[in-house]
Q: 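Shown below is the structure under consideration.
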Amino acid sequence: MADLTLYEQLAESIGIKGSEIIPEMFAMIADEDEAKFVLAAAPPGTVEEIAQKAGIPLEKAEKMVRPLFLKGLLFKSKKPGETRYYKIRNYVQFHDGTVLSPDIPEGYLALLREFEKTLVKDMQEGRDQAGYTPFMRVVPINVTVDAKTQVLAMDDVEKMIQEANVIAVTACSCRTIHPVTEVPLEVCMQLDKAAVYAIDRGTGRELSKEQAMEMLHMCEKEGLVHCVINTQSLGYMICNCDNQSCSNWPGDKKYAKTFAAPSRFLAVVDSENCSACDACIDRCYFYAISMGGKGDTAQVDEDRCMGCGLCAVTCPEDAITMKEVRKIETIPAG
């Protein structure tokens, strides 16, 4: 096998240190010259600039750029007169980009599944680490919410769709890694620059706004939860997450808030209207509802509730509402 030093550097460049698995994964999809080129693509540069920095002949570099883009290891930034390339920057880009690349080997996915076991364990054990803000955030599905103010743009996936210039849908990277057949696979929505990227790579297909809205409502009926990047801005991605494979809440659901921030809303039960039918219990991913309320009606565990709203749209008695009770700590945009 090629010297893994280059691949260890690539792993560290996306924030993964000390792993034996991630360097091996890089080695499966990039040869040494490709690894050198990717490492040299920071800061962004033209093919000629990166090739010179990496010590690779320009003719060879020109032939490897498109394959590296398709593999999810390079992004491109088009400016008047030139195209500049830059490397993947973090584990999320690595996870989503490489998994959906054409002809990804099953051995690669198997290694990623193995790595995720270690990652999940480490994050659960370090869940109280000061300063950690989840990268993703739950957004309540399309229900009426009892908000102190109007629903913010950051909480409104429909607004994200309506304000996007380009929309694409890709396969869910999580369900590609961990196959789940009970729910649709092609439901991960990309907006604007992310959509252009997916379409250009051939990993996504373009949607109209009407098609995107239909897909959102279909996902809600399927019991999928909307998740977006945890920023104050509208963002560039809408994930529609399932209960089994999603990396936003892997493993034991009591650790869900370790990996994804809850929405600003909390499910609240009106015990007078609750018929104790158990529908909300079956619907909740996070074991946040039990029949221990007044008169053995439904009650919500505030610590476990992620504020997704699946229980509210399921309730046949309209006994559950979503109320604004939380403040959300977001990550800086960009």
Side-chain angles (χ1 to χ4, degrees), residues 1-45 47 49-57 60-61 63-76 85-127 129 132 134-136 170-179 197 201 203 245-248 250-251 258-259:
M1 180 179 289
D3 182 1
L4 287 183
T5 301
L6 285 170
Y7 304 116
E8 289 168 350
Q9 291 178 44
L10 281 172
E12 290 192 6
S13 77
I14 62 168
I16 307 296
K17 295 183 179 181
S19 170
E20 295 181 359
I21 294 176
I22 297 299
E24 185 176 351
M25 291 173 66
F26 273 117
M28 288 183 71
I29 60 174
D31 64 29
E32 288 193 9
D33 279 345
E34 288 174 322
K36 290 176 183 177
F37 191 90
V38 173
L39 285 168
V47 175
E49 290 169 342
I50 299 170
Q52 184 176 5
K53 185 177 177 182
I56 297 171
K60 183 173 185 179
K63 292 179 180 179
M64 66 173 59
V65 168
R66 180 66 180 174
L68 286 173
F69 176 72
L70 294 177
K71 291 175 184 179
L73 298 177
L74 282 183
F75 293 93
K76 58 184 176 182
Y85 293 88
Y86 58 97
K87 66 178 292 299
I88 54 172
R89 295 168 176 166
N90 54 51
Y91 176 74
V92 174
Q93 291 178 344
F94 172 76
H95 176 283
D96 292 352
T98 62
V99 164
L100 296 183
S101 60
D103 302 318
I104 195 72
E106 172 56 32
Y108 184 93
L109 300 179
L111 283 174
L112 189 48
R113 286 191 287 268
E114 186 63 29
F115 175 74
E116 284 184 346
K117 294 177 184 177
T118 302
L119 179 66
V120 168
K121 182 176 182 295
D122 289 347
M123 290 190 70
Q124 288 176 348
E125 291 177 351
R127 64 189 180 280
Q129 180 179 344
Y132 173 74
F135 184 76
M136 300 294 288
T170 70
C172 169
S173 57
C174 297
R175 290 196 280 283
T176 299
I177 300 167
H178 306 278
Y197 167 73
R201 287 182 69 209
T203 57
S245 69
C246 184
S247 61
N248 288 327
T258 300
F259 303 90

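A quick note: this is a predicted structure, and the numbers were derived from the prediction, not measured. One-based numbering along the sequence shown. What you see below is based on every heavy atom in this structure, not just the backbone, and it leaves out hydrogens, waters and symmetry mates.
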Q: How many angstroms lie between CD in Q93 and CG in L73, if you round to the nearest 0.5 Å?
A: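 If I round to the nearest 0.5 Å, the distance is 11.0 Å.
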Q: Is the closest side-chain heavy-atom distance between M28 and P105 below 4.5 Å?
A: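 The answer is yes; the side chains approach within 4.5 Å.
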Q: Which pair of heavy atoms, one from S247 and one from F259, lies closest together, and at what distance?
A: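 Distance-wise, the nearest heavy atoms are O-CB, 4.2 Å.
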Q: Is the shortest side-chain heavy-atom distance between E106 and L109 below 4.5 Å?
A: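 A side-chain contact under 4.5 Å exists here.
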Q: Could you check whether any side-chain heavy atom of K36 comes within less than 4.5 Å of a side-chain heavy atom of Q9, counting everything from C-beta outward?
A: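 Not in contact.
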Q: Quick one: pull up CD1 in I16 and CD1 in I22 and give me the separation to the nearest 0.5 Å.
A: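 So the gap between those two atoms works out to 6.0 Å.
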Q: Please report the shortest heavy-atom distance between V38 and K87, naming the atom on each side.
A: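 Minimum heavy-atom contact is O-CB, 3.3 Å.
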Q: With distance as the sole test, does E34 use its side chain to make a donor-acceptor pair with the main-chain N or O of D31 at under 3.5 Å?
A: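 The answer is yes, because a donor-acceptor pair under 3.5 Å joins these two groups.
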Q: F75 vs Y86 aromatic rings, parallel, tilted or perpendicular, using cut-offs 30° and 60°?
A: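 Rings of F75 and Y86: parallel, under 30°.
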Q: Using 0.5 Å steps for rounding, measure from the NZ atom of K71 to the OH atom of Y108.
A: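 Interatomic distance, K71 NZ to Y108 OH, rounded to 0.5 Å: 10.5 Å.
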Q: Drop me the distance from T98's OG1 to I88's CD1, to the nearest 0.5 angstrom.
A: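 With rounding to 0.5 Å, OG1 (T98) is 7.0 Å from CD1 (I88).
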Q: Please name the pair of heavy atoms, one in I50 and one in G45, separated by the smallest distance, quoted to 0.1 Å.
A: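 Minimum heavy-atom separation between I50 and G45: CD1-O, 3.4 Å.
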Q: Verify, without hydrogens or angle tests, whether R201 (side chain) and F69 (backbone) share a donor-acceptor contact under 3.5 angstrom.
A: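 Present.
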Q: Would you say R113's side chain and I177's backbone share a donor-acceptor pair under 3.5 angstrom?
A: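 Yes; judged by distance alone, with no hydrogens or angles, the pair exists.
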Q: How long is the span from the OH atom in Y7 to the CD1 atom in I29, to the nearest 0.5 Å?
A: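 The distance works out to 9.5 Å.
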Q: Does K53 use its side chain to pair, donor to acceptor, with the backbone of A42 at less than 3.5 Å?
A: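 Indeed, once roles are kept as given, a pair shorter than 3.5 Å links the two residues.
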Q: Which heavy atom of V99 sits nearest to which heavy atom of S173, and what is that distance?
A: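 Taking every non-hydrogen atom into account, CG1-O, 3.8 Å.
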Q: If you compare all heavy atoms of I56 against all heavy atoms of A61, which two are closest, and at what distance to 0.1 Å?
A: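 It is CG2-N, 4.1 Å.
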Q: Please check if the distance between the ring centroids of F26 and F94 is under 6.0 Å.
A: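 Ring centroids of F26 and F94 are less than 6.0 Å from each other.
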Q: State yes or no: are the ring centers of F115 and Y91 separated by less than 6.0 Å?
A: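 Ring centroids of F115 and Y91 are less than 6.0 Å from each other.
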Q: Please check if atom CD in Q52 has more than 12 non-hydrogen atoms from other residues, nucleotides or ligands closer than 6.0 Å.
A: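 For Q52, atom CD is not crowded (no more than 12 foreign heavy atoms under 6.0 Å).
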Q: How close do L100 and T203 get, counting heavy atoms only, and between which atoms?
A: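 Where L100 meets T203 most closely, the heavy atoms are O-CG2, 3.2 Å.
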Q: Between E114 and K117 (salt bridge meaning N to carboxylate O under 4.0 Å), is one present in this structure?
A: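 Looking at E114 and K117, the cut-off is met.
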Q: Once rounded to the nearest 0.5 Å, what's the spacing between atom CD of E8 and atom CD of E24?
A: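 Reported to 0.5 Å precision, the distance equals 11.5 Å.
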Q: Less than 4.5 Å apart, side chain to side chain, heavy atoms only: is that true for C174 and H95?
A: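 Yes, their side chains come closer than 4.5 Å.
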